[in-house]
Amino acid sequence: MCPRKTASHPTQEELVRTYLLPPEVCSLLNPAAIYANNEISLRDVEVYGFDYDYTLAQYSDTLHPEIFNAARDILVEHYKYPEGIRKYDYNPSFAIRGLHYDIQKSLLMKIDAFHYVQLGTAYRGLQPVPDEEVIELYGGTQHVPLYQMSGFYGKGPSIKQFMDIFSLPEMALLSCVVDHFLGHGLEFDQAHLYKDVTDAIRDVHVKGLMYQWIARDMEKYILRGDETFAVLSRLVAHGKQLFLITNSPFSFVDKGMRHMVGPDWRQLFDVVIVQADKPSFFTDRRKPFRKLDEKGSLHWDRITRLEKGKIYRQGNLFDFLRLTEWRGPRVLYFGDHLYSDLADLMLRHGWRTGAIIPELEREIRIINTEQYMHSLTWQQALTGLLERMQTYQDAESRQVLAAWMKERQELRCVTKALFNAQFGSIFRTFHNPTYFSRRLVRFSDLYMASLSCLLNYRVDFTFYPRRTPLQHEAPLWMDQLCTGCMKTPFLGDMAHIR
């Protein structure tokens with residue numbers, strides 16, 4: 001309810017500003033900051049490792065429609081899908097990273113950290129699925145059982161989680177194809193359709209189409225190359241050792257690094273490994289390292305040491321650890337894929353890890369808006385009122401409670417749409433962290449929008465995660481009504497950041 005202003009009753013906006021918002025807090029989150037899940041001192045880090053795609057090389061969103069269009073045409077021309085699929089264009093505003101896809105139900109949805117589907121975020125094709133149908137599909141509940149959920153690498157028996165940025169055009173294409181089949185009353189096998197779309201997207205990468213597009217116009221597709229060079233040069237100047245482990249081929253990486261860093265880029269790295277086949281690189285001991293020459297030809301000699309300036313292909317982490325003796329928390333590795341890049345390194349090998357989350361910059365800018373601040377703060381106030389006033393069960397009180405509940409739900413929907421009309425924020429459902437957030441916290445010590453955020457900190461900086469309240473500690477934190485505002489660096493305290 002929004003009380004009208006009278007001599008004795010302030011407006012909702014005045015209530016929020018006067019009584020609920022801590023002064024000069026909610027607009028101060030910094031999109032260029034690094035955020036810590038775990039305490040880590042860069043003073044203790046001697047070795048820095050990097051993935052290539054979306055870590056050293058940040059790509060423009062203009063790449064996504066190219067991937068979508070090429071995979072769509074592969075479906076029509078090679079998999080003989082209906083010509084009508086060509087009418088679909090890529091919609092960059094449809095999906096977000098971290099969504100789950102139930103293959104047998106053709107359902108794309110957002111799931112929270114407790115395995116519950118966020119109602120209002122389930123889509124079949126391009127159409128929303130009613131909440132009642134979602135609940136019926138999962139046996140009368142919003143909960144997705146653990147055995148159906150994606151496994152350690154985001155791939156379960158019937159549900160897949162889309163975790164990397166390249167999956168955005170894949171989700172869009174999958175939804176468009178399902179939409180076409182449903183809209184035209186065509187029968188299809190859900191598993192076959194899912195596999196065909198996935199294979200078509202894979203073909204774009206395997207056939208080198210994406211590599212060709214980027215190599216032809218690096219100015220168009222590669223972002224922040226000068227900042228990548230600045231990060232690497234700064235680390236080397238401070239005596240840090242660097243290595244690169246990527247699944248991309250050497251010819252592609254070489255062109256990109258020459259564009260960003262220059263022809264002598266390999267002199268910055270102590271070890272360079274291409275076509276590593278992550279994540280099996282971290283778990284499979286059987287694949288040996290192979291040396292590549294300048295032309296990309298493979299050598300046959302046995303690798304007994306990893307030399308600076310040389311290029312190696314495949315291999316495995318166990319040989320890497322044996323040959324370099326880079327172990328434990330003195331190694332910090334950066335990547336964009338929580339499963340393929342970071343999970344094994346943190347959980348099995350004790351490396352420190354940094355997640356590159358480009359979406360973070362946009363989400364923080366939205367959090368900093370007055371509309372978000374106002375909406376979230378009033379939601380929090382309504383939630384507190386609902387909890388405290390539910391003991392009153394007379395007819396008039398129940399009517400007021402119902403009105404508050406309705407307004408709270410409307411505000412939740414408004415807040416969700418600020419981030420993405422279909423699925424909301426990649427980090428939160430209405431009140432819980434998303435499953436993506438849960439994995440982000442579990443598999444990364446640090447997370448940031450881009451590698452260039454390192455330029456804003458000294459190389460001996462210590463990151464301290466803010467103590468956040470457990471539910472039984474919440475009364476001690478009641479002055480922090482705007483959730484999240486006290487957890488991260490402030491622009492005022494970090495004026496040197498861009």
Side-chain angles (χ1 to χ4, degrees), residues 93-151 154-163 167 171-172 174-179 181-183 185 187-191 193-194 375-376 379-380 382-383 386-387 390 398-399 401-439 471:
S93 301
F94 178 67
I96 61 173
R97 190 152 54 128
L99 299 178
H100 285 77
Y101 187 74
D102 190 319
I103 297 170
Q104 295 302 326
K105 298 178 178 64
S106 297
L107 210 61
L108 185 66
M109 56 194 168
K110 184 168 147 189
I111 295 178
D112 73 12
F114 301 96
H115 296 196
Y116 283 84
V117 179
Q118 180 183 359
L119 296 180
T121 66
Y123 279 72
R124 182 177 290 113
L126 300 175
Q127 301 303 316
V129 178
D131 295 344
E132 299 78 13
E133 184 178 344
V134 172
I135 292 171
E136 182 181 351
L137 285 170
Y138 290 100
T141 177
Q142 298 167 238
H143 185 263
V144 180
L146 179 63
Y147 72 89
Q148 291 185 18
M149 287 289 287
S150 52
K155 298 177 182 178
S158 60
I159 295 180
K160 180 197 173 176
Q161 187 179 19
F162 292 100
M163 289 296 280
S167 65
M171 286 185 278
L174 187 60
S175 298
C176 289
V177 174
V178 171
D179 182 77
F181 274 73
L182 293 177
E187 291 188 7
F188 65 97
D189 183 286
Q190 292 96 332
L193 185 147
Y194 167 76
S375 178
L376 180 62
Q379 283 180 61
Q380 297 289 75
L382 285 172
T383 301
L386 286 166
E387 184 174 48
Q390 62 184 308
R398 287 200 300 270
Q399 185 178 4
L401 287 168
W404 283 346
M405 186 70 77
K406 180 174 181 291
E407 183 178 3
R408 176 174 175 258
Q409 183 60 27
E410 290 171 351
L411 284 170
R412 284 174 151 189
C413 293
V414 168
T415 305
K416 167 195 159 190
L418 292 175
F419 297 95
N420 177 278
Q422 292 74 231
F423 301 101
S425 167
I426 72 170
F427 299 104
R428 275 201 177 274
T429 59
F430 288 137
H431 52 275
N432 289 331
T434 57
Y435 195 85
F436 178 89
S437 285
R438 177 183 177 182
R439 293 312 207 197
Q471 289 300 304

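The figures here come from the full heavy-atom set of this structure, side chains too, leaving out hydrogens, waters and symmetry mates.
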Asker: Would a 4.5 Å heavy-atom cut-off, applied to side chains only, mark F436 and I111 as touching?
Answerer: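 No; the side chains remain at least 4.5 Å from each other.
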Asker: Can you find a pair of side-chain heavy atoms, one from K416 and one from T121, that are under 4.5 Å apart?
Answerer: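 When only atoms from C-beta onward are counted, T121 and K416 do touch, with a gap below 4.5 Å.
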Asker: Flag the pair I103 / I159 as yes when at least one side-chain heavy-atom distance between them is below 4.5 Å, and no otherwise.
Answerer: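 With C-beta onward as the side chain, the pair stays apart.
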Asker: Taking it one step at a time, do H115 and R438 satisfy side chain to side chain contact (heavy atoms under 4.5 Å, CB included)?
Answerer: CA-CA 11 Å; H115 296 196; R438 177 183 177 182; 3.3 Å; yes
Asker: Less than 4.5 Å apart, any side-chain heavy atom of Y435 and any of K110?
Answerer: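 Of all side-chain heavy-atom pairs linking K110 with Y435, none is under 4.5 Å.
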Asker: Could you tell me which non-hydrogen atom of L411 sits nearest to which non-hydrogen atom of S375, and how far apart they are?
Answerer: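 Distance-wise, the nearest heavy atoms are O-OG, 3.5 Å.
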Asker: Please round to the nearest 0.5 Å and tell me the distance separating atom OG of S167 and atom CZ of R97.
Answerer: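 Interatomic distance, S167 OG to R97 CZ, rounded to 0.5 Å: 7.5 Å.
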Asker: Taking side chain as C-beta onward, heavy atoms only, is D102 less than 4.5 Å from H100?
Answerer: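 A side-chain contact under 4.5 Å is absent here.
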Asker: Using every non-hydrogen atom in the two residues, find where V178 and G125 come nearest and quote the distance to one decimal.
Answerer: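 Shortest heavy-atom separation between V178 and G125 comes out as CG1-N, 3.6 Å.
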Asker: Please report the interatomic distance CG(L126) to CD(Q422), rounded to the nearest 0.5 Å.
Answerer: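 CD of Q422 is found 9.0 Å from CG of L126.
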Asker: Could you pull out the closest heavy-atom pair between F188 and L193, with the gap in Å?
Answerer: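 So the minimum-distance heavy-atom pair works out to CD1-CD1, 3.6 Å.
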Asker: Kindly give the heavy-atom pair with the smallest separation between H143 and Y138, and that separation in Å.
Answerer: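 Looks like O-CB, 3.9 Å.
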Asker: Decide yes or no on side chain to side chain contact (heavy atoms under 4.5 Å, CB included) for L386 and L401, but give the supporting numbers first.
Answerer: CA-CA 6 Å; L386 286 166; L401 287 168; 3.9 Å; yes
Asker: Is there a donor-acceptor pair under 3.5 Å between the side chain of Q161 and the backbone N or O of G98?
Answerer: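 Pair found, side chain donor or acceptor close to backbone of G98.
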Asker: Might you work through the side chain to side chain contact (heavy atoms under 4.5 Å, CB included) test for M171 and L99, ending with a clear yes or no?
Answerer: CA-CA 9 Å; M171 286 185 278; L99 299 178; 3.9 Å; yes
Asker: Please report the closest heavy-atom contact between F94 and S175, naming both atoms and the distance.
Answerer: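 Heavy-atom minimum between the residues: CE2-OG, 3.3 Å.
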Asker: With the threshold set at 4.0 Å, does a side-chain nitrogen-carboxylate oxygen contact exist between E133 and K105?
Answerer: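 Looking at E133 and K105, the cut-off is not met.
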Asker: For ring-ring contact (aromatic ring centres under 6.0 Å, His included), just list the numbers for Y123 and F423, CA-CA rounded to whole Å, side-chain angles, deciding distance to a tenth of an Å, and then say yes or no.
Answerer: CA-CA 9 Å; Y123 279 72; F423 301 101; 5.2 Å; yes
Asker: Heavy-atom distance under 4.5 Å between the side chains of N432 and F114, does that happen here?
Answerer: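 Yes, close enough: below the 4.5 Å cut-off.
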Asker: What's the spacing between R124 CZ and S106 OG if we round to 0.5 Å?
Answerer: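 The distance works out to 6.5 Å.
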Asker: Show the nearest heavy-atom pair for residues T434 and T429, with the distance to one decimal.
Answerer: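 Answer, listing the atom of T434 first, then T429: CG2-N, 3.7 Å.
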Asker: Can Y194 and L174 be said to form a side chain to side chain contact (heavy atoms under 4.5 Å, CB included), step by step?
Answerer: CA-CA 7 Å; Y194 167 76; L174 187 60; 4.0 Å; yes
Asker: Is the backbone of S425 close enough, under 3.5 Å, to the side chain of N420 for a donor and an acceptor to pair up by distance?
Answerer: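 No.
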Asker: Keeping the roles fixed (side chain from R428, backbone from H431), state whether a donor-acceptor pair exists under 3.5 Å.
Answerer: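 Pair found, side chain donor or acceptor close to backbone of H431.
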Asker: For the pair Q142 (side chain) and V117 (backbone), establish whether a donor and an acceptor sit closer than 3.5 Å, ignoring hydrogens and angles.
Answerer: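 Yes; at least one donor-acceptor contact below 3.5 Å.
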Asker: To the nearest 0.5 Å, how far apart are CG in L119 and CG in D131?
Answerer: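 CG of D131 is found 4.0 Å from CG of L119.
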Asker: Nearest 0.5 angstrom please: E187 CD to F181 CZ, how far?
Answerer: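 These two atoms lie 11.0 Å from each other.
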Asker: Distance check, rounded to the nearest 0.5 Å: D112 atom CG versus Q118 atom CD?
Answerer: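 Going from the CG atom of D112 to the CD atom of Q118 covers 8.0 Å.
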